[in-house]
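Read the structure below first, then the notes.
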Amino acid sequence: NPDNHLKEIENISIPSLVLVGEKDESFYPERFYEVFQPAQKFTQVHILKEVKHLGVVKNKETFKRVIDWLEM
């Protein structure tokens, strides 16, 4: 929910994987660790090197991270 994303993040209560590209044009990737801190018990945040916003969906590192996360 873009209107109250901080409240939404605080309400995360299931395991979640958060992936963002290092060169994202829409967000501030370097702030993701800080922003998701309230949900750190349930979230894993990874910044994918040299990846832009839409590049996350087709990046090989994305698939590796998702597979690793699912196998935990």
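This one's a predicted model, so the numbers in the text were calculated from it and none came from an experiment.
For the residue pair Gln40 / Gln37, a side-chain donor-acceptor distance below 3.5 Å is found, with atom types taken as modelled.
Summarising the geometry, atom CZ belonging to Phe36 is positioned 9.5 Å from atom CG belonging to Leu6; distances are rounded to the nearest 0.5 Å. Rounding to the nearest 0.5 Å places CZ of Phe32 at 9.5 Å from CD of Glu30. Taken to the nearest 0.5 Å, the NZ atom of Lys60 stands 12.5 Å off from the NZ atom of Lys58. Atoms CD and CD, from Glu10 and Glu8 in turn, are 10.0 Å apart once rounded to the nearest 0.5 Å.
Here the side chain of Ser16 pairs a donor or acceptor atom with the backbone of Ile14 at under 3.5 angstrom. With Asp24 contributing its side chain and Val20 its backbone, the two residues share no donor-acceptor pair below 3.5 Å.
If you run side-chain contact (heavy atoms from CB on, under 4.5 Å) between Ile9 and each of Val18, Thr43, Val35, only Val35 comes through.
The pair Lys64-Glu61 does not meet the salt-bridge criterion, since no charged nitrogen lies less than 4.0 angstrom from a carboxylate oxygen.
At least one side-chain heavy atom of His53 sits less than 4.5 Å from a side-chain heavy atom of Ser26.
In the hydrophobic clustering of this structure, Phe63 does not group with Ile47; members are Ile, Leu, Val, Met, Phe, Trp, Tyr whose side-chain heavy atoms approach within less than 4.5 Å, directly or through other members.
Leu17 belongs to a hydrophobic cluster whose remaining members, ordered by chain and number, are Leu19, Leu48, Val51, Val56, Val66, Trp69, Leu70, Met72; membership requires side-chain heavy atoms of ILVMFWY residues under 4.5 Å apart, directly or through intermediates.
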